[in-house]
Amino acid sequence: MNETDKANVEKALGVEISNTLFYKCASKKVKEIDGQKLFKILSKVENEHASVWKKILKLDKIKMEPPESCVEDYTADLNDSHAREERAIKFYGEAAAAAQNPRVKEIFQAFIEVETDHLKLSEERLK
Ligand SMILES: [Fe+2]
Ligand SMILES: [Fe+2]
């Protein structure tokens, strides 16, 4: 990996940790069962993404911090989710385009697909 790829992968790890913690928080805070289930699944997927970056960076442990805040209001958390997924998609697109390492490029491209599915999950509920 060159310096740019490494910096982007490190940033991506931070994004995935932040999103994992946000979704975990939201899954415990919302009253709606649909929301609890949705955010629990999303937290699990983002945690898996964090693990992929962890492996690429050859780290043996990652710190799940700092804590992320969320609110009890389902719609507000869906809006937060939407903004988070939009940011991830935009950044991953830039990182994929800039990537020199083929494996890193491939992962960024694959994650764009997954984050786009996540974006749709909040969009269909915010309609
Ligand atoms: Fe992710
Ligand atoms: Fe996502």
Side-chain angles (χ1 to χ4, degrees):
M1 263 191 290
N2 67 16
E3 284 306 305
T4 306
D5 283 357
K6 188 163 184 278
N8 283 337
V9 170
E10 282 168 352
K11 189 176 163 185
L13 175 62
V15 167
E16 298 295 354
I17 289 171
S18 168
N19 289 348
T20 300
L21 295 174
F22 166 72
Y23 286 131
K24 195 177 172 193
C25 175
S27 74
K28 289 177 180 170
K29 221 163 199 176
V30 297
K31 299 256 190 302
E32 292 81 354
I33 302 292
D34 175 70
Q36 293 171 4
K37 284 185 188 164
L38 173 69
F39 293 139
K40 194 176 170 189
I41 291 162
L42 290 173
S43 176
K44 190 167 167 268
V45 177
E46 308 303 12
N47 193 225
E48 285 163 6
H49 289 174
S51 291
V52 170
W53 296 129
K54 184 189 90 168
K55 277 182 205 130
I56 298 281
L57 290 166
K58 300 185 172 74
L59 304 171
D60 25 283
K61 261 194 169 180
I62 47 177
K63 283 187 197 154
M64 280 300 182
E65 62 182 35
E68 288 294 322
S69 59
C70 62
V71 292
E72 211 180 280
D73 185 77
Y74 189 18
T75 303
D77 287 325
L78 285 170
N79 278 312
D80 199 338
S81 166
H82 195 270
R84 284 169 178 273
E85 300 298 342
E86 248 178 6
R87 280 199 300 272
I89 293 162
K90 184 169 179 282
F91 168 54
Y92 288 1
E94 291 159 2
Q100 295 299 305
N101 181 297
R103 176 81 183 122
V104 168
K105 196 187 208 43
E106 185 183 57
I107 298 168
F108 275 122
Q109 284 166 342
F111 284 7
I112 290 167
E113 303 284 316
V114 182
E115 312 302 4
T116 302
D117 288 338
H118 294 173
L119 190 69
K120 287 175 192 158
L121 292 170
S122 62
E123 258 168 21
E124 66 198 16
R125 286 168 173 81
L126 286 165
K127 259 185 224 160

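Numbering of residues begins at 1 and proceeds along the displayed sequence. What you are looking at is a predicted structure, and each value in this text was computed from that prediction instead of being measured. Read the numbers this way: they start at 1 and go in the same order the structure lists the ligands and their atoms.
- Taking the six-membered ring where the residue is Trp, H49 and H118 present parallel rings, their angle staying beneath 30° rather than reaching 60°.
- Nearest N, O or S atom of H118 to the Fe ion (ligand 2): atom ND1.
- Residue D117 does not count as close to the Fe ion (ligand 2), with no N, O or S atom under 2.8 Å.
- The Fe ion (ligand 1) sits nearest to atom ND1 when only the N, O or S atoms of H49 are considered.
- Looking at E46, its N, O or S atom nearest to the Fe ion (ligand 2) turns out to be OE2.
- Expressed to the nearest 10°, the angle at the Fe ion (ligand 1) joining OE2 in E115 with OE2 in E16 is 90°.
- Atom CD of E3 sits in a sparse spot, with 12 or fewer heavy atoms from other residues, nucleotides or ligands closer than 6.0 Å.
- With no hydrogens or angles considered, a side-chain donor-acceptor pair links S18 and E68 at under 3.5 Å.
- Judged by the 6.0 Å distance and 45° axis criteria, K31 is not positioned over the aromatic ring of Y74.
- Side chains of Y92 and N8: no donor on one and acceptor on the other come within 3.5 Å.
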